[in-house]
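When a residue number appears, it is its place in the shown sequence, counting from 1.
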Amino acid sequence: MTPRITRHFITVDNRRVHYTRAGEGPAVALLHASACSAKVLRLPQTIFATRFTALAFDTPGFGLSDLLTKEQPETEDLADGLADTLTALGIEQVATYGRHTGAQVAVEYAARHGARCSLALTDGYPIFSSTQQWARLNEYLVPIKPSFAGEHLLWLWFRYRDQHVFWPWNEQRLEKRADADLPDLDFLHRGVIEFLEAGNDYKIGYATAFRHDGIKALQQLKVPTCLGVRPGDSLFRTKSAYPAGSWIEEMPRDALAAARAELAILLKHPARGTPPNAPPCRAIDGRTTTHYVDLGDAQILVRSMGDLSAAPPVVVIHHVPGSSFLYDELVREIGKRHPVIALDLPGHGESDALSGTAPSIAGWASAALRTLDALGIGAFRLYGHNSGATVAVEIALQAGARVQSLLLDAPICFTSGEHDAIAAGWLDGVAPVTPVWDGSHLTRVWHMRRDMELWWPWFDRRNATRKTTEPRIDPARLTIEVREMMKQPASFVSGWRAVLDYPMAERLALTHQRCGLLSAAQDVFAPCANYARTLRPDARFVEIDDLPAARAEAILALA
């Protein structure tokens, strides 16, 4: 049976670390290359987990892990940060395994914390000359510059693609061609999203690799260290720079075969003891606490703030497609005065899709209620935004009196005539939104989202349909929104279709909870507010400023 990989957060001092865990037995810490996340290590983690407790960490500033507090951290600081994380997890000793940048951290950890390391195993250990270091620091780490036309998404797509075509990516000559197949489209898409997760701060963690003294670290080792090299890897040729007498192993080119060979090496020097169960994530003042809830074989990401047992919490349902990350500032504003929960709906953001079920409003509502059950939440106050309001209506109908109040923010609610016209054109020209070779799936979503700020409906681009409110089209803001919408691209079209197929007007009229309606004039779906008011004429309506603090104030007043 394939070991199950689960995801977790741990609080280390005053920062959040995200990691995945699988298997049982002695601990192995897996460390990814920059600028990826632990997701890239799923294959070796699955293989290692057949004999070990395999823990793959998002290193500081990548994936869902916070940066270190130092303005210019070095590889040594990343190694010390790993030691602090392992202490927080109650783990005494590990073997370390790392790729590229992660290999440097794996070796530095072994050099600096030898008593807590049984073995360091690398997959491509970098050693750079002073000339190479200068070039990488000054030419390789190009900033990501969001632009109104979205061309930065295409630039990033090809920058990441060329990282697998040339080494280094910015020296695009025959002699620098990679000796490997181009990764598949899902791999490339994930890599672009991980770059966007780190943002321009990707340079902070990445730059540590090019300042690191790889030879010095190897000379300080007193722990068994195997320098693995793999044909087809960009660092395969680096083996000639390794010190004489180093333990060097050439691995198979095939990734699965290489992982099995690496497992055999790990078994030669296992760590002492077995890690305890994963501890809970401790709260940090002023921030939401993130953790996962298990729903069968799926995990649902939850963010919360405040004492959830002190009062019925406000439950925030995000717009689909999207994630609760886009509502984190709102959650924090509510959390200053009242307990609050937000979750990523199944198949969106960082939550798994539910196996065996097609995406649907009813399915998401049921999953949200099961998540609240798992958290021990009884009564609650419910808030949903745009298509999140659609899900909120279904939750209210399924949960009944358990929902103390129903707050709908610019709900997507059309008359029958409007629905037919809008549903017919809403996804025209965008679908399907699956990764394609030229990266244009990203710019299609970008311009759909941008045009939603300029016309109503977005696909009817006439002067008569132009919006008269200030457009919210700051490129940095749109980049984050597109990133969150495209974390799981398979859910983009299916999410919209589930919303557009839902009989919102009919179902909203059936709700009986105390209801509040709110909307900001700039909201994409503000034109729907008047019709929603006719369906719940008893609802109190508040027009709000499009700011998290104003929205939180209205939510708490209406709840």
Heavy-atom closest pair, residues [X] and [Y]:
X	Y	answer
Ile361	Glu394	CG2-CB, 3.7 Å
Ser387	Ile412	N-CD1, 3.5 Å
Ala353	Ala298	O-CB, 4.0 Å
Thr479	Pro475	OG1-O, 2.7 Å
Ala35	Tyr206	N-CE1, 4.0 Å
Asp66	Arg16	OD2-N, 2.7 Å

Return the orientation label for the Phe525 and Trp496 ring planes: parallel under 30°, perpendicular over 60°, tilted otherwise.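 It falls in the tilted class, 30° to 60°.
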Quick one, Val430 with Arg449, criterion side chain to side chain contact (heavy atoms under 4.5 Å, CB included). Give me CA distance, side-chain angles, the key distance, then yes/no. CA-CA 11 Å; Val430 178; Arg449 177 64 191 94; over 6 Å; no
Could you give the distance from [atom1] ([X]) to [atom2] ([Y]), rounded to the nearest 0.5 Å?
X	Y	atom1	atom2	result
Tyr327	Thr288	OH	OG1	15.0 Å
Thr371	Leu295	OG1	CG	4.0 Å
His291	Gln299	NE2	CD	11.0 Å
Leu31	Leu82	CG	CG	5.5 Å

Taking only residues two or more places apart in sequence or in another chain, which ones pass side-chain contact (heavy atoms from CB on, under 4.5 Å) with Ser360?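 Here the qualifying residues are Ala362.
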Holding to side-chain contact (heavy atoms from CB on, under 4.5 Å), I want the full list of residues that pass it with Gln488, two or more places apart in sequence or in another chain.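 Listed in chain order: Ser491.
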Kindly write out the residues that satisfy salt bridge (charged side-chain N to carboxylate O under 4.0 Å, His left out) with [X], not counting sequence neighbours, or none if the list is empty.
X	result
Arg99	Asp123
Lys39	Glu350
Arg112	Asp80

Can a donor-acceptor pair be found, under 3.5 Å and without considering hydrogens, that links the side chain of [X] to the backbone of [Y]?
X	Y	result
Trp458	Trp426	yes
Asn386	Ala410	yes
Thr208	Gly205	yes
Glu453	Arg472	yes
Thr101	Ser34	yes
Ser351	Asp344	yes
Gln45	Thr20	yes
Arg282	Asp13	yes

Quick one: list whatever passes side-chain hydrogen bond (donor to acceptor under 3.5 Å, both in side chains) with [X], sequence neighbours left out.
X	value
Ser118	none
Thr2	none
Arg402	Asp373
Thr75	none

Less than 4.5 Å apart, side chain to side chain, heavy atoms only: is that true for [X] and [Y]?
X	Y	result
Lys203	Ile144	no
Met486	Trp446	no
Asp352	Asp297	no
Cys528	Phe414	yes
Arg7	Leu301	no
Pro411	Thr390	no
His319	Glu484	no
Ile341	Phe380	no

Should the heavy atoms of other residues, nucleotides or ligands under 6.0 Å from [atom1] of [X] be counted, would the total exceed 12?
X	atom1	value
Asn277	CG	no
Arg42	CZ	no
Glu24	CD	no
Arg540	CZ	no

Trp364/His318 aromatic ring centres below 6.0 Å: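 No - the distance between ring centres of Trp364 and His318 does not fall below the 6.0 Å cut-off.
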Sub-6.0 Å ring centroid separation between His8 and Tyr19: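 Ring centroids of His8 and Tyr19 are less than 6.0 Å from each other.
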[X]-[Y] side chain donor-acceptor pair, cut-off 3.5 Å:
X	Y	value
Ser37	Glu197	no
Thr87	Arg116	yes
Gln104	Glu108	no

May I have the list of side-chain donor-acceptor pairs in residues 509-517 shorter than 3.5 Å, sequence neighbours left out?
from, atom 1, to, atom 2, distance (Å)
Thr511, OG1, Leu508, O, 2.7
Thr511, OG1, Arg536, NH1, 2.7
Gln513, NE2, Ala396, O, 2.9
Gln513, NE2, Gly400, O, 2.9
Arg514, NH1, Leu558, O, 2.9
Arg514, NH1, Ala559, O, 3.4
Arg514, NH2, Ala559, O, 2.8

Cationic N near anionic O, under 4.0 Å, Glu333 to Lys336: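 Judged by the 4.0 Å cut-off on N to carboxylate O distance, Glu333 and Lys336 do form a salt bridge.
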Atom pairs and distances, donor-acceptor, side-chain atoms in residues 54-64, under 3.5 Å, two or more places apart:
from, atom 1, to, atom 2, distance (Å)
Asp58, OD1, Ala38, N, 2.8
Asp58, OD2, His18, ND1, 3.0
Asp58, OD2, Leu64, N, 2.9
Thr59, OG1, His32, NE2, 3.1

Would you mind writing out the side-chain donor-acceptor pairs for residues 302-312 within the sub-3.5 Å range, not counting sequence neighbours?
from, atom 1, to, atom 2, distance (Å)
Arg303, NE, Ser324, OG, 2.8
Arg303, NH1, Asp328, OD1, 2.9
Asp307, OD1, Ser309, N, 3.0
Asp307, OD1, Ser309, OG, 2.7

Kindly indicate, with the supporting measurements, whether the criterion side chain to side chain contact (heavy atoms under 4.5 Å, CB included) is fulfilled by Thr469 and Asp546. CA-CA 11 Å; Thr469 53; Asp546 190 34; over 6 Å; no
